[in-house]
Amino acid sequence: MSRPKRFDQHYYEHFYRDPATRVLTPAERRRRVAAVVALAEHHLGRRLRSALDAGCGAGLWGRELVRLRPGLRYLGFDPSPAAVALAPRGLEVRRGGIEALDALGSARFDLVVCADVLHYLDAGAVRAALPALARRARGPLYLEVLTSAERVAGDRRGLRRRAPVWYLRLFATAGLVPAGLHLYLPPALADLPAALELARPATRMPT
């Protein structure tokens, strides 16, 4: 029987900070966050004012979001005590999983981030998480998910390799529309993109 996975300080040092073993360099993360901010603001039609980060880890997304948009209200959640302890000073990071979002009342956010999380949850937890995340979204959601269709580097322990269509069906059930680059639009924004921005290739070419 394998040991349960531990999200402790060693885990975050290994996959996020150590130059020899981290998954992303700081420069790569900055570019990724900057792209998401730009696209989120494109769909919102204004600057970001708030962001919710579910499964925020050590708050590295939060640090970049606040650097790009000073004054942005950032709220992160993570079930790991080590993640909360390692979060950059000044960021609001609370201990809790997806279920903790229910305690936020009617609060909604311009950007909802759930990066590198859903593919480690069991099916029931994913089904519960998507509506909970969608309810918090005033603007786009960034749902970075690894599937059975791509090669995976980094933390593969406990990774659940599901088919892309499995997630797409659940996203659709939650009312989310894929907009590319792991961005999904809530119903209030779903009619903004042009058809070809959202269209998927047909399985058969027209004759």
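Keep in mind that what you see is a predicted model, and the values were worked out from it rather than measured. All residue numbers in this chain count up from 1 along the given sequence.
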Worksheet entry | pair Leu104-Leu101: side-chain heavy atoms closer than 4.5 Å | yes

Worksheet item: Rounded to the nearest 0.5 Å, how far apart are CG of Leu111 and OG of Ser50?
Response: 8.5 Å

Worksheet item: Is a donor on one side and an acceptor on the other found under 3.5 Å between the side chain of Glu41 and the backbone of Leu48?
Response: yes

Discussion item. Using a 3.5 Å distance criterion without hydrogens, assess whether the side chain of Arg160 forms a donor-acceptor pair with backbone atoms of Leu121.
Written reply: yes

Practice prompt. Mind checking the SG-OH spacing from Cys56 to Tyr74? Nearest 0.5 Å is all I need.
Written response: 4.0 Å

Discussion item. Can a donor-acceptor pair be found, under 3.5 Å and without considering hydrogens, that links the side chain of Arg161 to the backbone of Thr147?
Written reply: yes

Fill in: Tyr120 vs Leu159, side chain to side chain contact (heavy atoms under 4.5 Å, CB included): CA-CA, chis, key distance, verdict
CA-CA 5 Å; Tyr120 293 114; Leu159 180 67; 4.0 Å; yes

Response to the item:
Correct closest heavy-atom pair for Glu28 and Thr25 would be OE1-N, 2.8 Å

Fill in: Contact summary for Asp78 and Gly57, nearest pair of heavy atoms
OD2-N, 2.8 Å

Worksheet item: Under a 4.5 Å cut-off applied to non-hydrogen side-chain atoms, are Leu130 and Leu118 in contact?
Response: yes

Worksheet item: Above 12 or not: heavy atoms from other molecules or residues under 6.0 Å from CZ of Arg67?
Response: yes

Worksheet item: Taking C-beta and beyond as the side chain, do Pro140 and Leu44 meet within less than 4.5 Å on heavy atoms?
Response: yes

Worksheet item: When rounded to the nearest 0.5 angstrom, what is the spacing between CD in Glu144 and SG in Cys114?
Response: 10.0 Å

Item to complete: Sequence neighbours left out, what passes side-chain hydrogen bond (donor to acceptor under 3.5 Å, both in side chains) with Arg136? Give chain and number order.
Response: none

Item to complete: Determine the minimum heavy-atom distance between Ala54 and Ile98, stating which atoms define it.
Response: CB-CD1, 3.8 Å

Worksheet item: Is the shortest heavy-atom distance from the side chain of Tyr142 to the side chain of Leu39 under 4.5 Å?
Response: no

Worksheet item: Roughly how far apart are Leu143 CG and Asp116 CG, rounded to 0.5 Å?
Response: 12.5 Å

Worksheet item: In Å, rounded to the nearest 0.5 Å, how long is the span from CG of Leu176 to OH of Tyr184?
Response: 9.0 Å

Worksheet item: Atom CG of Leu170 and atom CZ of Arg127: how far apart are they, to the nearest 0.5 Å?
Response: 6.0 Å

Discussion item. Quick check: closest heavy atoms across Arg108 and Ala137, and the distance to 0.1 Å?
Written reply: NH1-O, 3.6 Å

Worksheet item: Closest approach of Pro88 and Ala58, non-hydrogen atoms and distance?
Response: CD-O, 3.1 Å

Response to the item:
Only one of Leu141, Val117, Val113 passes side chain to side chain contact (heavy atoms under 4.5 Å, CB included) with Leu133, and that residue is Leu141

Worksheet item: Taking all atoms of both residues into account, what is the closest heavy-atom pair of Ala179 and His43, and its distance?
Response: CB-NE2, 4.3 Å

Practice prompt. Could you tell me whether Asp110 and Arg73 make a salt bridge, using a distance below 4.0 angstrom between a side-chain N and a carboxylate O?
Written response: no

